[in-house]
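Here is the structure we will look at, set down as structure tokens.
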Amino acid sequence: NVSDGLWACWVFNPTYPLYHFFLHSTISVLSQAHRLVSLLFWIGITFAKLLFKTGIVIAKPPPRPWEIFSMEDLILVVNCSSSLFKATILNSRSGDIVLSCLAAKLGQADAYITFNRRGNRSTISLAEQPDHHGAAAELLEETRILGIERRIRAIGHRVVHGGEHYSDSVRIDDKVIAALEACIALAPLHNPANRTGIRAAQAAFPNLPNVAVFDTAFHHTLPEHAYTYAVPRALYREHGLRRYGFHGTAYRYVTRETAAILGKNIADTALVIAYLGAGSSVAAVLGGASQDTSMGLTPLEGLVMDTRSGDIDPGAFEFIANATGLNSAQVTALLNQKSGLLGLSELSADMRIIEKSAIQQGHAGALLALDVSAYRLAKYIAAMCVPLGRLDALVFTGDIGENAALLRAKTIAHLGILGLRLDDEANEATRYGRGGAINRPGSPCILVVPSHEEYMIAQDTCRLAGLDQADQREAT
């Protein structure tokens, strides 16, 4: 056996004792070195955690090895408003987010940008260049630090209004920029910021193709009787006055996901989708095509939103102006920025605060805001069944739709006429990124489906930039 063999070596080989001593000495030295390195590593980690906890150092983890050496394409998705620059870098195939950022207070001296990588956040001042270009430049620098700059192959932009020019996403050139500018009158709060974001991204990443993905494109299938206002036809012919609809990218994604959940082809589905966020809308989607939606010429029409009034008698404009002395632009600003949940509750525009205050404190304003919002939403859901002829599923999505269990419950309580019945336990459990069915057995299907608009924009960008789209899931 082995022990006998070693003993034989010891007896018959006079050099073995020297070898044995050297081997054991080496092992002892290595063992002590390992313990020392482990101790130093533990001390370093403990000290680093203390610095991060006290805020002396902001954690920014190094890239993972497989991210450094990965050859998979990344897409940069940009979404801008006048004072915000939001960007997400994601894997073009899986949709996994590698890096996201939000630059806020643009145009002000205290502008800043916050990067989020795997839950680790770092914030940088933009005081030297407090605008969209400064934010894009900092984003470029961050991609260089992380070693992912060269993996970014194209840039996709969320553009709110494409008017009647575009029924699909499009690769950006000077002609597209001109068309976007021609729609500024239709979206004066959004399109100028979208254009600025495009210019900033082009300056920071000059060699990459850029793609515009329009919120309005999905609703180009609206029939004429659904998009036409009952005003003189000349206003449509000469000025483009009609209903356009928004949130189209989210509707496309959620339609595809819902069809998969139901086990149906998209062409065989009849869905009412409620996209509820800071801006909210409802759409009737038949066979993957929009048939009607709650937003109209602008994102002001329709549901109660965070600071937007939604539907209001047009005669109220003149009434408010006469009563307050505000001009038309100021009345429009009041309806866009000081109304909705904020105006009703006199508390907050944040649905989380509204629900918490209603449940825990019985706050009268919060309760009123919830009741008005739920009733308006229920009316629109019922109305959206008209062009469908049947209802395969009612779907909640968007930040509020995915998380506001009380709002969902109050809304469904109004919809007994459609046979909808809520499973209260499932409704409470289906939040914070978790999707699924929330209806009782025997009820028409009620789903919560998390939205991933950035992934939809990334897929369009891949397609139009001519990149590989293997593994992309397209329903037929």
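The residues of the chain are indexed from 1 along the displayed sequence.
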Task: Atom of A154, atom of L467 and distance for their closest heavy-atom approach - done: CB-CD1, 4.3 Å
TODO: Let me see the working for V77 and E454 under side chain to side chain contact (heavy atoms under 4.5 Å, CB included), right down to the final yes or no.
DONE: CA-CA 6 Å; V77 175; E454 292 87 356; 4.2 Å; yes
Task: I266 backbone acceptor or donor facing T269 side chain under 3.5 Å - done: yes
Task: Shortest non-hydrogen contact from T293 toward G245 - done: CG2-CA, 3.7 Å
Task: Non-hydrogen atoms of T461 and G156 that approach each other most closely - done: OG1-CA, 3.2 Å
TODO: Would you check if there is a donor-acceptor pair between the side chains of T123 and T114 at a distance under 3.5 Å?
DONE: yes
Open item on the list: For I381, run the side-chain contact (heavy atoms from CB on, under 4.5 Å) check against L415, L391, I273 and tell me which one passes.
Closed with: L415
- [ ] Ignoring hydrogens and angles, state whether a donor on the side chain of N427 or R408 is under 3.5 Å from an acceptor on the partner side chain.
- [x] yes
Open item on the list: Using a strict threshold of under 4.0 Å (side-chain N to carboxylate O), is an ion pair present between K379 and D311?
Closed with: no
Task: Nearest-0.5 Å distance that lies between atom CD in Q291 and atom CG in L222 - done: 7.5 Å
Open item on the list: Quick one, L370 and M351 - any side-chain contact, counting heavy atoms below 4.5 Å?
Closed with: yes
Task: Carboxylate-amine/guanidinium contact R243 E301, below 4.0 Å - done: yes
Open item on the list: Salt bridge check, D371 against K410: does any charged N sit closer than 4.0 Å to a carboxylate O?
Closed with: yes
Open item on the list: Just verifying a value: how many Å separate M384 CE and S290 OG, rounded to the nearest 0.5 Å?
Closed with: 8.0 Å
Open item on the list: How close do G163 and T216 get, counting heavy atoms only, and between which atoms?
Closed with: N-OG1, 4.0 Å
Task: Heavy-atom closest pair, residues F214 and G162 - done: CD2-CA, 3.5 Å
Task: Straight-line distance of L76 CG to I155 CD1, nearest 0.5 Å - done: 5.0 Å
TODO: Side-chain contact test, heavy atoms from C-beta onward, threshold under 4.5 Å: evaluate it for V170 versus V211 and give yes or no.
DONE: no
- [ ] Report the residues that fulfil ring-ring contact (aromatic ring centres under 6.0 Å, His included) with H247, sequence neighbours left out, ordered by chain and then residue number.
- [x] Y275
Open item on the list: Is it the case that the side chain of D168 and the backbone of Y166 share a donor-acceptor pair, with hydrogens and angles ignored and the cut-off at 3.5 Å?
Closed with: no
Task: Heavy-atom check, side chain of D215 versus side chain of V159, under 4.5 Å - done: no
- [ ] State yes or no: are the ring centers of Y244 and H161 separated by less than 6.0 Å?
- [x] yes
Open item on the list: A quick test of your reading: do over 12 heavy atoms of other residues, nucleotides or ligands sit less than 6.0 Å from CZ of F317?
Closed with: yes
Open item on the list: Looking at E181 and R195, is there a salt bridge between them, counting it only when a charged N and a carboxylate O are closer than 4.0 Å?
Closed with: yes
TODO: Determine, for D392 against R390, whether the closest basic-nitrogen to carboxylate-oxygen distance falls under 4.0 angstrom.
DONE: yes
Open item on the list: Counting neighbours of CZ on R434 that are heavy atoms of other residues, nucleotides or ligands and sit closer than 6.0 Å, is the number greater than 12?
Closed with: no
- [ ] Apply the test side chain to side chain contact (heavy atoms under 4.5 Å, CB included) to residues R117 and L146: give CA-CA distance (whole Å), side-chain angles for both, the deciding distance (0.1 Å), then the verdict.
- [x] CA-CA 10 Å; R117 190 166 183 277; L146 297 176; 3.5 Å; yes
TODO: Decide whether E164 and Y236 meet the rule of one side-chain donor and one side-chain acceptor closer than 3.5 Å.
DONE: yes
TODO: Taking N336 for its side chain and T332 for its backbone only, find out whether a donor-acceptor pair lies under 3.5 Å.
DONE: yes
TODO: Output yes when a side-chain donor or acceptor of E355 lies under 3.5 Å from a complementary backbone atom of L407, and no otherwise.
DONE: yes
Task: Whether H132 side chain and S81 backbone form a donor-acceptor pair below 3.5 Å - done: yes
TODO: Take V272 and C385 through the side chain to side chain contact (heavy atoms under 4.5 Å, CB included) test and state the conclusion after the steps.
DONE: CA-CA 7 Å; V272 173; C385 292; 4.1 Å; yes
Open item on the list: If you define the side chain from C-beta out and look only at heavy atoms, does anything of F396 sit under 4.5 Å from E402?
Closed with: no
Open item on the list: Once rounded to the nearest 0.5 Å, what's the spacing between atom CG of L126 and atom CD1 of I124?
Closed with: 8.0 Å
Open item on the list: Pair T255, T258 - check side chain to side chain contact (heavy atoms under 4.5 Å, CB included), show working.
Closed with: CA-CA 5 Å; T255 296; T258 302; 6.0 Å; no
Task: Pairwise side-chain contact, L420 with L394, heavy-atom cut-off 4.5 Å (strictly under) - done: yes
TODO: Ignoring hydrogens and angles, tell me if any N or O in the side chain of H219 forms a donor-acceptor pair with the backbone of F246 under 3.5 Å.
DONE: yes
Task: Within 6.0 Å of CD in Q361, more than 12 heavy atoms from elsewhere - done: yes
- [ ] Kindly indicate whether the side chain of T298, heavy atoms from C-beta on, has any atom under 4.5 Å from the side chain of L186.
- [x] no
Open item on the list: Can you tell me if Y229 has over 12 outside heavy atoms packed within less than 6.0 Å of its OH?
Closed with: yes
Open item on the list: Strictly distance-based, threshold 3.5 Å: is any side-chain N or O of N194 a donor or acceptor partner for the main-chain N or O of V160?
Closed with: yes
Open item on the list: Counting C-beta onward and ignoring hydrogens, is there a side-chain heavy-atom pair between L368 and E346 closer than 4.5 Å?
Closed with: no
Side-chain atoms of residues 438-449: list all donor-acceptor pairs with protein atoms under 3.5 Å, sequence neighbours left out, distances to 0.1 Å.
{"residue": "N439", "atom": "OD1", "partner": "I446", "partner atom": "N", "Å": "3.1"}
{"residue": "R440", "atom": "NE", "partner": "L422", "partner atom": "O", "Å": "3.0"}
{"residue": "S443", "atom": "OG", "partner": "R421", "partner atom": "N", "Å": "3.0"}

Open item on the list: If you count heavy atoms of other groups shown closer than 6.0 angstrom to CZ of R252, is the number above 12?
Closed with: yes
TODO: Count the heavy atoms belonging to other residues, nucleotides or ligands that lie under 6.0 Å from CG of D174, then report whether that count exceeds 12.
DONE: no
Open item on the list: Can you tell whether the side chains of D350 and R352 come within less than 4.0 Å, N to carboxylate O?
Closed with: yes
- [ ] Please check if the side chain of Y455 supplies one atom and the backbone of R93 the other of a donor-acceptor pair under 3.5 Å.
- [x] yes
Task: Polar side-chain atom of R376 near backbone of G302 as donor-acceptor pair, under 3.5 Å - done: yes
Task: Atom pair CZ/CD1 of R151 and I75 - distance to nearest 0.5 Å - done: 11.0 Å
- [ ] Grab the two heavy atoms, one from A369 and one from L341, that are nearest each other, plus how far apart they are.
- [x] CB-CD2, 4.1 Å
Task: Any donor-acceptor pair under 3.5 Å from N116 side chain to G119 backbone - done: yes
TODO: Answer with yes or no whether the side chains of Y251 and S281 bring together a donor and an acceptor at under 3.5 Å.
DONE: yes
Open item on the list: Any heavy-atom pair between the side chains of R242 and L297 that's under 4.5 Å?
Closed with: no
Open item on the list: Can you tell whether the side chains of R118 and D96 come within less than 4.0 Å, N to carboxylate O?
Closed with: no
Task: Interatomic spacing from CG in L84 to CG in L106 - rounded to 0.5 Å - done: 6.5 Å
Open item on the list: Checking side-chain polar atoms at under 3.5 Å, does S169 have a donor or acceptor matched by the opposite partner on D460?
Closed with: yes
